[in-house]
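Notes for the one structure printed next.
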Amino acid sequence: MSELLIEMPSGVAGDMLLAALVDCGADLAAISTALAGLGAGPIPLRSEAVQPGGIAALRVHVDVTQAADWQPVADHAHGHSHAHGHEHGHHSHEHEHEHSHEHEHEHEHEHEHEHEHGHSHKHEDGHQHSHDHRPYSVIRAMLDAAELPPRVRERAQRCFRLLAEAEAAVHGANPETVHFHEVGSLDAIADVVGVCLALEQLGVDRVIAGPLTLGSGTVWCAHGRMPVPVPAVVEMLTRSGAPQRRVDHETGELTTPTGCALICGLADSFAPSEAGAVRTIGYGAGTKTIPRMANLVRVSLCESTAGHHDSVTELRCVLDDCSGEELGLAISGALSAGARDAWAAPIVMKHGRPGHELVVLCAASDSERLADWVLSHTPGIGLRIGTWQRRLLPRRQVEVSIDGHPVGLKVVTLPDGSERAKPEAQDLAAIATATGRSFASLREAALQAWREHQA
C-alpha cells in the first residue's frame with residue numbers, strides 16, 4: 001500500500017503541497033493538461049528550483065487567465081461566506097508567500113495588498129485588481145462535469161465540501177450558498193485539483209499528516225483584519241480533530257484555508273508513526289522568509305506491507321416505502337455527499353412486508369452530517385449509527401496499456417505475501433466502447449499485461 005506522509009513544520013498552503021508532490025515525482029505537465037479538462041481554459045503550471053534554508057526544494061506557480069465563461073460572481077449578499085484563498089485569478093505573479101496565494105485583500109487601488117504572511121503586493125501596473133469568487137455549488141458542478149479519475153474527483157469534492165461547511169458554520173449561512181473568494185479563483189482550484197491529481201499519479205492510497213502549524217498575529221482578508229488562524233481554519237481543525245501546534249513568535253498566517261482544507265480533507269490518519277518504509281521524499285517551498293523557520297512542506301512516499309487497522313462509522317436505515325428510483329438516488333446521493341461507500345439490501349419486514357436496508361459507510365467526523373442527509377432525502381424516519389473496527393489489506397495502484405489505452409489496476413497484498421490484481425471497470429468499459437472488444441477479453445488482457453510486468 002502506498003502511503004503519503006505530510007510534514008508541515010512551517011504551515012501549509014495549496015501550492016506548497018503541490019510543489020512537494022511534484023518534487024516527489026508527480027508530472028507537472030500532465031497535471032496541467034488534466035486541469036485543462038475542467039472547462040476553464042488552459043491552466044499552465046511551472047516550477048523552479050529553490051533552496052530555502054539551504055534545502056533543495058521546488059516552488060510551483062500557477063499562471064492562469066480567467067476564461068470568458070468563468071467571470072466572477074457579482075453577488076455579495078449577506079450570509080455568503082468569503083473564504084480566504086488564492087489570490088491571482090487573472091494574472092500570473094510571484095507570490096510573496098507561498099503559503100500563499102491565499103488571502104485576497106480587497107483594498108483601495110492606491111494601497112498595497114497585505115498578504116497572509118504580512119507581506120504586501122502590488123500589481124505591475126500599480127493598481128490592484130479584484131479577484132474571482134464563485135459559489136461552492138458552481139465549483140462542485142464543475143468537478144462533477146470534469147473528466148477526472150473517480151478518486152481524484154472524490155478527493156477534490158471532499159476538500160471543497162469541508163471548506164464550504166466550515167465557512168457556512170462561521171457565517172451562519174447555508175453551505176450551498178457559500179461564496180468562495182480567493183479559494184474560488186482558478187489558481188486556487190488548480191491547487192486543490194492539482195494536488196489530488198498528483199496523489200493519483202503517485203498511486204497514493206492513504207494520506208498520513210503530522211500536526212498543522214498555526215501562525216500568530218493578524219491578516220487582512222475580505223472581511224477586514226482577522227486574527228490568525230482565521231475562523232474558517234479553526235472550524236476545519238475542530239471538525240476534523242486534526243492536531244495542531246502554535247509558534248512562540250509572531251509569524252503572520254502559516255496554515256491557509258486552502259492548505260488546511262487539503263490536509264483535513266485528504267488525511268486518513270494524523271499518526272505519522274503509522275507510515276511505512278520511505279521510498280521518495282519531496283520538498284515544496286514558500287517564498288516568504290519566516291523568522292527561525294525554513295518555509296517548507298515535506299512529503300514522504302512510503303510503502304506499507306503490513307496493512308492497517310482503522311474504524312469506520314456505519315449508518316443503517318430501514319425503508320419500507322421507497323421506490324427503486326428513490327433507492328438508486330439515495331445511494332448515489334450519499335456517495336456524492338461524502339460517504340465512503342453505500343449500498344442497499346432487500347429485507348423482509350414484519351407482517352411479511354418487503355423493504356430495503358440502506359447502509360452508508362463514512363468517517364466518524366461525517367456521521368452526523370450524513371445522518372441528516374439520509375433522513376432528509378429518503379422516507380426513513382430513523383437510523384442506527386455504529387462504529388466498526390476494520391482491517392485493510394495493503395494496496396497500490398498500477399497502470400498497464402491495452403492497444404494503446406491505459407488501464408488502472410488495484411493490487412492488494414494478501415496475508416501470505418502474494419498479490420491479487422483487479423482492473424478498473426470504468427477503464428475496461430471505455431476501451432470496450434472504443435474498440436468493440438468484449439469486457440471479459442479486456443479484463444484478461446489487463447491481468448496478463450500485469451503478470452508480464454511483474455515478471
Side-chain angles (χ1 to χ4, degrees), residues 4 6 12-22 24-47 58 60-67 69-70 83 85-89 92 95 98 100-102 131-164 180-204 207 236 256-267 284 297 299 336 338 397 408:
L4 186 80
I6 306 174
V12 63
D15 53 348
M16 292 179 73
L17 183 55
L18 178 58
L21 292 170
V22 172
C24 202
D27 187 334
L28 192 63
I31 293 172
S32 182
T33 299
L35 289 174
L38 295 176
I43 302 181
L45 305 175
R46 58 186 173 88
S47 65
L58 283 185
V60 166
H61 301 278
V62 184
D63 300 334
V64 293
T65 300
Q66 184 74 8
D69 58 342
W70 279 89
H86 255 273
E87 312 148 322
H88 306 302
S92 164
H95 300 295
E98 168 99 322
S100 161
H101 344 161
E102 312 191 21
H131 300 290
D132 316 319
H133 66 282
R134 298 183 176 86
Y136 164 59
S137 58
V138 168
I139 295 177
R140 184 183 60 197
M142 175 190 69
L143 294 174
D144 281 340
E147 293 186 4
L148 296 169
R151 188 161 60 168
V152 172
R153 178 182 295 104
E154 191 275 332
R155 281 170 165 166
Q157 292 281 31
R158 193 191 315 163
C159 294
F160 278 112
R161 182 170 57 248
L162 175 63
L163 187 55
F180 293 140
H181 272 219
E182 298 83 353
V183 179
S185 65
L186 287 182
D187 44 2
I189 294 170
D191 274 355
V192 173
V193 181
V195 165
C196 296
L197 287 164
L199 292 176
E200 195 70 11
Q201 284 185 8
L202 296 173
V204 173
V207 175
M236 284 186 279
T256 67
T258 301
C260 186
L262 281 164
I263 299 301
C264 295
L266 296 174
V297 166
V299 299
S336 296
Q397 293 286 134

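Sequence positions, counted from 1, serve as the residue numbers for this chain. Computed from a predicted model, the values in this text were never measured in an experiment. Keep in mind that the numbers below use all heavy atoms, side chains included, and drop hydrogens, waters and symmetry copies.
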Separation of [Y] [atom2] from [X] [atom1] (nearest 0.5 Å):
X	Y	atom1	atom2	answer
C260	M236	SG	CE	4.0 Å
R155	L262	CZ	CG	11.5 Å
L21	L28	CG	CG	11.0 Å
T258	M16	OG1	CE	13.0 Å
S137	D144	OG	CG	11.0 Å
C159	D191	SG	CG	11.5 Å

Indicate the atoms forming the closest heavy-atom contact of [X] with [Y], along with that distance.
X	Y	value
G265	L162	N-CD2, 3.7 Å
G14	V195	O-CG2, 3.9 Å
V299	C24	CG2-CB, 3.9 Å
V193	A156	CG2-CB, 4.4 Å

Does R46 use its side chain to pair, donor to acceptor, with the backbone of H61 at less than 3.5 Å?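 Side chain of R46 to backbone of H61: no pair is present.
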
Looking at side-chain heavy atoms only, is the closest gap between L266 and C196 below 4.5 Å?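 Yes - at least one pair of side-chain heavy atoms lies under 4.5 Å apart.
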
V192 and I139, any side-chain heavy atoms less than 4.5 Å apart: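 No; the side chains remain at least 4.5 Å from each other.
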
Listed pairs under 3.5 Å, donor-acceptor, residues 33-44 side chains, sequence neighbours left out:
| from | atom 1 | to | atom 2 | distance (Å) |
| --- | --- | --- | --- | --- |
| T33 | OG1 | A29 | O | 3.1 |

Start with the C-alpha gap between I31 and L18, add the side-chain angles, then the distance that decides, and say whether side-chain contact (heavy atoms from CB on, under 4.5 Å) holds. CA-CA 10 Å; I31 293 172; L18 178 58; 4.2 Å; yes

Restricting to pairs with a member in residues 193-202, which pass side chain to side chain donor-acceptor pair (under 3.5 Å), not counting sequence neighbours? R151-E200

Hey, mind stepping through I189 and F160 against side-chain contact (heavy atoms from CB on, under 4.5 Å) and telling me if it holds? CA-CA 9 Å; I189 294 170; F160 278 112; 4.1 Å; yes

Output, in order, the C-alpha distance, side-chain angles, deciding distance and verdict of side-chain contact (heavy atoms from CB on, under 4.5 Å) for L17 and I263. CA-CA 9 Å; L17 183 55; I263 299 301; 4.2 Å; yes

Apply salt bridge (Lys or Arg N to Asp or Glu O under 4.0 Å) to R140 and list each qualifying residue two or more places apart in sequence or on a separate chain.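 R140: salt bridge (Lys or Arg N to Asp or Glu O under 4.0 Å) contacts with E176.
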
Audit row: R161, R158, side-chain contact (heavy atoms from CB on, under 4.5 Å) steps and yes/no: CA-CA 5 Å; R161 182 170 57 248; R158 193 191 315 163; 3.8 Å; yes

